[in-house]
Chemist: 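Before we start, here is the structure in question, set down as structure tokens.
As the structure lists them, so they are numbered: ligands from 1, and atoms in each ligand from 1. For reference, positions follow the sequence shown, starting with 1.
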Amino acid sequence: MADTLELVPEDPSETAGDGAKPAHVRIAIVGAGFSGIGMAIRLREAGIEDFVILERADDVGGTWEANTYPGCQCDVPSHLYSFSFQPNPTWTRTYSLQPEIWAYLRRCSERYRIGPHLRFGHELTGARWDEGERRWHVETSRGSFVARLLIDATGPLSHPATPPIRGLRRFEGKLFHSASWDHDHDLTGERVAVIGTGASAIQFVPKIQPHVGQMHVFQRTAPWIMPHTDRPTSRFERQLYRRLPIAQKLVRTAVYWTRESYVVGFAKQPKMARPAEGIAKLHLRRHVRDRELRRKLQPDFRLGCKRVLLSNEWYRALTKPNVELVTEQIVAVEGRDIVLADGTRREVDTIILGTGFHVTDPPTAKLVRGRGGVTLAEAAGSSPRAYLGTAMAGFPNVLRIIGPNTGLGHNSMVYMIESQLEYIMDAIRTIDERGIETVEIRPEVVEAFNEEVQELHEGTVWSSGCSSWYLDASGRNTTLWPDFTFRFRQRTRHFDADNYELRVGSPVAS
Ligand SMILES: Cc1cc2nc3c(=O)[nH]c(=O)nc-3n(C[C@H](O)[C@H](O)[C@H](O)COP(=O)(O)OP(=O)(O)OC[C@H]3O[C@@H](n4cnc5c(N)ncnc54)[C@H](O)[C@@H]3O)c2cc1C
């Protein structure tokens with residue numbers, strides 16, 4: 001796969017790298033996870049080859065390339081958490097582990113031959129809209145170029161967050177985030193601190209617990225944990241799906257509708273989520289006999305308000321003699337000590353951050369400058385907003401995949417990604433057919449959409465008063481789609497050109 005910025009000239013008179021004119025490309029996709037790979041596949045299927053995919057990492061996969069921590073696993077069944085057009089009959093578990101999902105994405109990029117478009121080790125470092133040229137000037141860690149259309153597929157969970165703990169960066173032991181696991185570092189017999197008890201920590205803590213000497217798990221809020229139904233798939237199932245693809249399709253459909261029914265409890269009739277709380281409480285009681293530990297592990301908010309986690313191992317790991325669950329607040333790190341609000345300290349060799357990601361304030365938002373040189377971050381203020389999670393006012397010819405309010409607490413993100421791919425492809429078709437040069441969402445459309453989404457959030461479990469990474473700096477939920485996902489699909493089935501300011505000229509893509 002190519003790893004230098006060799007760009008196909010858009011016009012033969014424009015040559016790359018002659019010093020006079022920067023290289024041109026019609027479409028620049030940033031990010032090679034499910035979104036970027038999916039976008040590339042759809043472009044190629046439509047006969048569009050003049051595009052590049054910039055990826056800061058050295059391989060495709062996004063989330064599934066970066067998160068290699070022990071036990072990393074999807075929490076939506078694999079039959080659904082995969083592309084609809086590329087089923088995998090050979091998943092070895094019902095909820096696949098990271099190596100299998102990563103291998104699947106690598107296979108997809110090979111099968112659909114997107115390799116020649118990939119530019120690994122190319123980090124987007126800046127993008128500026130030139131109003132005169134009506135082009136994006138794109139800067140990467142390995143060169144700059146000009147693009148007509150920018151597709152932001154940088155992902156909602158791709159920028160690890162470090163908690164603002166005084167002295168953390170000066171910690172004298174080993175420090176790493178779960179999203180950049182240091183596999184060369186041997187934890188055997190060590191004193192380890194794990195900060196955070198979210199989706200990643202509950203997966204890796206049970207895997208490392210038997211090997212470490214002592215582990216202190218620092219919890220700010222106890223998550224709701226449901227029993228996991230993960231199991232190995234049988235040889236019979238795999239053969240069946242290989243020989244009879246319709247059977248796998250039926251399973252996928254059944255999983256989709258089962259997950260979709262959770263919206264009723266989360267968003268429409270939150271009282272209906274009560275039985276699930278009962279199951280989670282029983283799960284806790286079954287695994288944790290110690291009353292004091294159980295009290296610390298009992299969530300104090302409604303199930304669903306923060307992401308519901310699945311595990312049969314988490315509670316068990318926390319009851320082991322070499323594990324301490326600490327609920328006291330961390331105030332500082334000094335030398336090798338973690339200093340707590342009650343004045344006590346824990347001396348450790350390694351700190352592992354399971355502290356999640358910059359979701360509503362991604363660093364890439366500071367890199368993209370639209371009309372008047374305004375960055376996405378400046379335009380968003382404390383609350384990002386985009387029409388259908390895709391289009392931002394003041395940012396012509398930029399389309400985002402998994403932008404604000406497209407996240408899910410209950411179903412597969414790949415479904416949302418595929419919905420947006422359909423919308424973007426229809427936008428490109430419209431642009432071509434009508435000879436449109438710039439396409440920009442009308443500000444009033446973004447505002448109306450945003451109001452609608454915020455209204456839908458009222459009364460949902462996500463607005464029931466917990467603090468979660470779904471909320472932005474203003475306290476609004478700008479992460480989740482607050483409705484059934486099939487409604488999102490209906491809204492994104494066709495590109496609604498009337499909601500956009502369109503300037504006619506030469507086409508964006510052909
Ligand atoms: C541990 C974990 C488990 C998850 N499990 C599930 C699950 O079970 N079900 C589910 O629906 N969702 C899950 N998710 C959410 C997951 O992120 C999405 O499902 C999906 O993978 C997002 O794909 P993406 O391509 O949009 O983003 P990503 O996979 O994050 O890909 C974005 C890519 O952009 C690249 N990038 C970012 N910034 C730059 C830059 N400046 N320049 C160049 N490249 C850049 C990154 O390197 C990355 O490769 C999980 C997330 C995590 C972290």
Chemist: So, is Pro156 polar-close to ligand 1, with some N/O to N/O distance under 3.5 Å?
Modeler: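 Among all N and O atoms of Pro156, none is under 3.5 Å from an N or O of ligand 1.
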Chemist: Does any N or O of ligand 1 fall below 3.5 Å from an N or O anywhere on Ile417, backbone included?
Modeler: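 N/O-N/O distance below 3.5 Å does not exist for this pair.
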Chemist: Under 4.0 Å from a heavy atom of Ser412: give me the atoms of ligand 1 that qualify, with their elements.
Modeler: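 By the 4.0 Å cutoff, the relevant atoms are 11 (O).
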Chemist: Which protein non-hydrogen atom lies closest to atom 41 (N) of ligand 1, naming both residue and atom, and how far is it?
Modeler: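 Result: Leu124 O, 3.2 Å.
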Chemist: Heavy-atom contacts with Ala153 under 4.0 Å: which atoms of ligand 1 show up? List them by number with element.
Modeler: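 Ligand 1 atoms under the 4.0 Å threshold to Ala153: 32 (C), 33 (C), 34 (O).
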Chemist: Is it the case that the ring center of Phe357 lies less than 6.0 angstrom away from the ring center of Trp469?
Modeler: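 No, too far apart.
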Chemist: Return a yes/no value for Ser200: is any of its N or O atoms, backbone included, closer than 3.5 angstrom to an N or O of ligand 1?
Modeler: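 For ligand 1, there is no N or O atom that lies under 3.5 Å from one belonging to Ser200.
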Chemist: Would you please determine whether Phe357 falls within less than 4.0 Å of ligand 1 on a heavy-atom basis?
Modeler: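 The answer is yes: ligand 1 sits under 4.0 Å from a heavy atom of Phe357.
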Chemist: Give me the residue, atom name and distance of the protein heavy atom closest to atom 1 (C) of ligand 1.
Modeler: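 Looking only at protein heavy atoms, the one closest to atom 1 (C) of ligand 1 is Tyr69 OH, 3.5 Å.
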Chemist: Compute the ring centroids of Phe395 and Trp129, then answer whether they are less than 6.0 Å apart.
Modeler: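 No, they do not, as the ring centres are separated by 6.0 Å or more.
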Chemist: Using a strict 4.0 Å threshold on nitrogen-to-oxygen distance, state whether Arg302 and Glu277 make a salt bridge.
Modeler: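 Yes, Arg302 and Glu277 are salt-bridged.
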Chemist: For residues His228 and Glu313, is any side-chain donor paired with an opposing acceptor at under 3.5 Å?
Modeler: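 Not at all, the side chains of His228 and Glu313 share no donor-acceptor pair under 3.5 Å.
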Chemist: Determine the interplanar angle of the Phe488 and Trp481 rings, folded into 0 to 90°, and report it as parallel if under 30°, tilted if 30 to 60°, perpendicular if over 60°.
Modeler: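 Perpendicular.
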Chemist: So among Thr478, Thr360, Asp472, Asn477, which one has a side chain to side chain donor-acceptor pair (under 3.5 Å) with Ser383?
Modeler: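 Exactly one candidate clears the test, Asp472.
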Chemist: Going by atom types alone, do Asn397 and Glu440 pair a side-chain donor with an acceptor below 3.5 Å?
Modeler: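 No donor-acceptor contact under 3.5 Å links the two side chains.
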Chemist: Is there a nitrogen or oxygen of Leu157 sitting under 3.5 Å from a nitrogen or oxygen of ligand 1?
Modeler: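 No, no N or O pair falls under 3.5 Å.
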Chemist: Under 4.0 Å from any heavy atom of Phe34, which atoms of ligand 1 are there?
Modeler: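 Counting atoms of ligand 1 from 1, those under 4.0 Å from Phe34 are 21 (O), 23 (O), 25 (O).
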Chemist: Can you tell me which residue and heavy atom of the protein come closest to atom 31 (O) of ligand 1, and the distance to 0.1 Å?
Modeler: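 I find the closest protein heavy atom is Gly62 CA, 3.5 Å.
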Chemist: Classify the angle between the aromatic ring planes of His216 and Phe218 as parallel (below 30°), tilted (30 to 60°) or perpendicular (above 60°).
Modeler: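 His216 and Phe218: tilted rings.
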Chemist: Does a donor on one side chain and an acceptor on the other come within less than 3.5 Å for Glu422 and Ser419?
Modeler: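 The answer is no; no qualifying pair exists.
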Chemist: Which label fits Trp91 and Tyr104: parallel for a plane angle under 30°, tilted from 30 to 60°, or perpendicular past 60°?
Modeler: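 Rings of Trp91 and Tyr104: tilted, 30 to 60°.
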Chemist: Would you tell me whether Thr92 and Glu100 have side-chain atoms, one donor and one acceptor, within less than 3.5 Å of each other?
Modeler: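 Yes - a donor-acceptor pair under 3.5 Å links their side chains.
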Chemist: Looking only at protein heavy atoms, which one is nearest to atom 34 (O) of ligand 1, and how far off is it?
Modeler: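 Here the nearest protein heavy atom works out to Gly31 CA, 3.2 Å.
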Chemist: List the closest protein heavy-atom neighbour of atom 24 (P) of ligand 1: residue, atom name, distance to the nearest 0.1 Å.
Modeler: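 Of the protein heavy atoms, Ser35 OG, 3.4 Å lies nearest.
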Chemist: If the cut-off is 4.0 Å to any non-hydrogen atom of Cys74, which atoms of ligand 1 fall inside it?
Modeler: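 That gives atoms 8 (O) of ligand 1.
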Chemist: Indicate yes or no for a side-chain donor-acceptor contact from Gln248 to the backbone of Asn88 under 3.5 Å, with no hydrogens or angles considered.
Modeler: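 Yes; at least one donor-acceptor contact below 3.5 Å.
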Chemist: When only distance counts, is Arg56 in polar contact with ligand 1, meaning an N/O pair under 3.5 Å?
Modeler: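 Yes, at least one N or O pair falls under 3.5 Å.
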Chemist: What class does the angle between the rings of Phe83 and Phe34 fall in, given that below 30° is parallel, 30 to 60° is tilted and above 60° is perpendicular?
Modeler: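 Phe83 and Phe34: perpendicular rings.
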Chemist: Counting only heavy atoms, which portion of Thr364 has something under 4.0 Å from ligand 1: side chain, backbone, both, or neither?
Modeler: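 It is the side chain that touches ligand 1; the backbone stays farther off.
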Chemist: Kindly determine whether Arg56 and Glu65 satisfy salt bridge (charged side-chain N to carboxylate O under 4.0 Å, His left out), including the steps that lead there.
Modeler: CA-CA 11 Å; Arg56 65 184 176 189; Glu65 183 271 340; over 6 Å; no
Chemist: Among Asp75, Ile101, Leu367, Val368, which one puts a heavy atom closest to atom 8 (O) of ligand 1?
Modeler: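 Closest candidate by heavy-atom distance is Asp75.
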Chemist: Per the ring-ring contact (aromatic ring centres under 6.0 Å, His included) rule, which among Tyr256, Tyr95, Tyr241 passes with His79?
Modeler: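 With His79 as partner, ring-ring contact (aromatic ring centres under 6.0 Å, His included) holds for just one option, Tyr241.
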Chemist: Which protein heavy atom lies closest to atom 14 (N) of ligand 1, and at what distance to 0.1 Å?
Modeler: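 Checking every protein heavy atom, the shortest distance to atom 14 (N) of ligand 1 gives Tyr81 OH, 4.1 Å.
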Chemist: Yes or no: does Gln98 have any heavy atom under 4.0 Å from an atom of ligand 1?
Modeler: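 In this structure, Gln98 fails to qualify as a contact of ligand 1 - no heavy atom is under 4.0 Å.
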Chemist: To the nearest 0.1 Å, how far is atom 3 (C) of ligand 1 from its closest protein heavy atom, and which atom is that?
Modeler: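 Going atom by atom, the protein heavy atom closest to atom 3 (C) of ligand 1 ends up being Trp64 CH2, 3.5 Å.
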Chemist: As a check for students: among Glu55, Glu65, Gln203, identify the option with a heavy atom nearest to atom 35 (C) of ligand 1.
Modeler: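 That would be Glu55.
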Chemist: Select the closest option to atom 51 (C) of ligand 1 among Thr63, Asn411, Ile37, Val60, judged by heavy-atom distance.
Modeler: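 Minimum heavy-atom distance to atom 51 (C) of ligand 1 goes to Thr63.
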Chemist: Val76 heavy atoms, cut-off 4.0 Å: which ligand 1 atoms fall inside?
Modeler: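 It comes down to these atoms of ligand 1: 8 (O), 9 (N).
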Chemist: Need the ligand 1 atom indices (1-based, order shown) with element for anything under 4.0 Å from a heavy-atom of His159.
Modeler: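 Listed by number with element, the hits are 37 (C), 38 (N).
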Chemist: Considering heavy atoms of the protein only, find what lies nearest to atom 11 (O) of ligand 1 and give residue, atom and distance to 0.1 Å.
Modeler: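 Going by distance alone, atom 11 (O) of ligand 1 is nearest to Met413 N, 2.7 Å.
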